[in-house]
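What follows is a short report on a single structure.
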Amino acid sequence: FDPDALTREYSLDMKQSLNHAVMHRLLASARREPDRVISNTTLNDRSLDLDERNPKLVLPSEGILNFLYFRTRRDFSMDLICPDVNKIGRLLQEATVSTVLPVLERICSSFFFSTSQIEDMASLFDYG
């Protein structure tokens with residue numbers, strides 16, 4: 001399981017509890033996406049219609065579950081982008097709203113943010 005991978009093929013032996021945990025984590029992540037991200041699902045090489053949006057989904061307790069997990073955005077990490085956001089905030093302190101908003105949109109379009117992270121970023125742009 002690689003939470004930073006945007007696209008990955010998975011093959012999970014559903015008899016193993018660790019693989020069940022991985023699948024539950026992937027389903028939780030998939031439910032945060034605006035579009036379906038799990039496709040080409042098979043169980044023991046037979047096509048399986050897995051409804052990732054269904055919170056009552058019951059996972060198989062055995063068999064080999066294969067699927068493609070594809071998402072377009074990655075989770076936001078303050079460690080990775082915070083220095084860049086601070087730098088952009090300083091550079092844009094004197095900029096007009098028509099300049100600042102497209103920059104914020106570009107930053108936000110590639111990541112998922114928590115409410116507190118959004119508030120932190122907003123304070124950077126409000127600072128100036």
Side-chain angles (χ1 to χ4, degrees):
F1 173 66
D2 180 1
D4 292 326
L6 295 180
T7 301
R8 182 167 174 200
E9 289 185 31
Y10 284 87
S11 182
L12 303 176
D13 182 349
M14 299 308 288
K15 282 186 180 179
Q16 297 180 8
S17 60
L18 177 61
N19 286 337
H20 261 267
V22 167
M23 190 62 193
H24 280 289
R25 172 67 172 98
L26 289 170
L27 286 169
S29 180
R31 290 181 183 124
R32 294 190 331 226
E33 294 284 339
D35 300 314
R36 290 189 70 167
V37 297
I38 297 176
S39 63
N40 302 334
T41 308
T42 63
L43 181 64
N44 295 329
D45 295 323
R46 290 185 175 166
S47 183
L48 176 69
D49 183 22
L50 188 135
D51 183 5
E52 66 196 57
R53 299 281 183 220
N54 181 359
K56 296 180 181 181
L57 176 69
V58 177
L59 294 175
S61 59
E62 60 183 38
I64 305 298
L65 185 65
N66 294 298
F67 56 93
L68 175 67
Y69 186 89
F70 175 81
R71 64 183 199 170
T72 58
R73 298 187 292 175
R74 64 180 70 221
D75 293 330
F76 178 74
S77 168
M78 288 299 280
D79 295 336
L80 296 176
I81 198 169
C82 192
D84 294 333
V85 172
N86 286 323
K87 184 177 181 180
I88 291 169
R90 285 192 303 275
L91 291 172
L92 294 176
Q93 283 180 356
E94 302 299 320
T96 64
V97 171
S98 62
T99 302
V100 172
L101 289 179
V103 171
L104 277 175
E105 181 180 10
R106 184 68 146 195
I107 291 170
C108 294
S109 68
S110 298
F111 296 95
F112 286 110
F113 296 95
S114 68
T115 302
S116 64
Q117 290 168 333
I118 292 170
E119 290 168 352
D120 290 344
M121 283 200 314
S123 69
L124 283 173
F125 287 93
D126 289 342
Y127 178 73

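Remember, predicted model here, so these are calculated numbers, not experimental data.
Hydrophobic clustering (side-chain heavy atoms under 4.5 Å, transitive across Ile, Leu, Val, Met, Phe, Trp, Tyr) groups Leu48 together with Phe67. Taken together through direct or relayed side-chain contacts under 4.5 Å among Ile, Leu, Val, Met, Phe, Trp and Tyr, Met14 and Leu68 form parts of separate hydrophobic clusters.
Residues Asp45 and Asn66 have side chains in contact (heavy-atom distance under 4.5 Å, counting atoms from C-beta outward). Side-chain contact between Glu9 and Asn40: absent, with no pair of heavy atoms (C-beta onward) separated by less than 4.5 Å. In this structure, the side chains of Leu27 and Leu59 come closer than 4.5 Å at one or more pairs of heavy atoms. The shortest side-chain heavy-atom distance between Asp13 and Ile64 falls under the 4.5 Å cut-off. Contact of the Val37 side chain with the Leu26 side chain is not registered, since no non-hydrogen atoms from C-beta on lie closer than 4.5 Å. You'll find the side chain of Met23 reaches within 4.5 Å of the side chain of Leu50, heavy atoms only.
Residue Asp35 comes nearest to Glu52 through the heavy atom pair O-OE2, 4.1 Å, listed as atom of the first residue, atom of the second, then distance. Listed here is the closest heavy atom pair of Leu57 and Asp51: CD2-O, 3.9 Å. Closest heavy-atom contact between Lys15 and Glu62: CG-CB, 3.8 Å.
Relative orientation of the Tyr10 and Tyr69 rings is perpendicular, given thresholds of 30° and 60° on the angle between their planes.
The closest donor-acceptor contact from the side chain of Arg36 to the backbone of Ala30 lies at 3.5 Å or more, if one exists at all.
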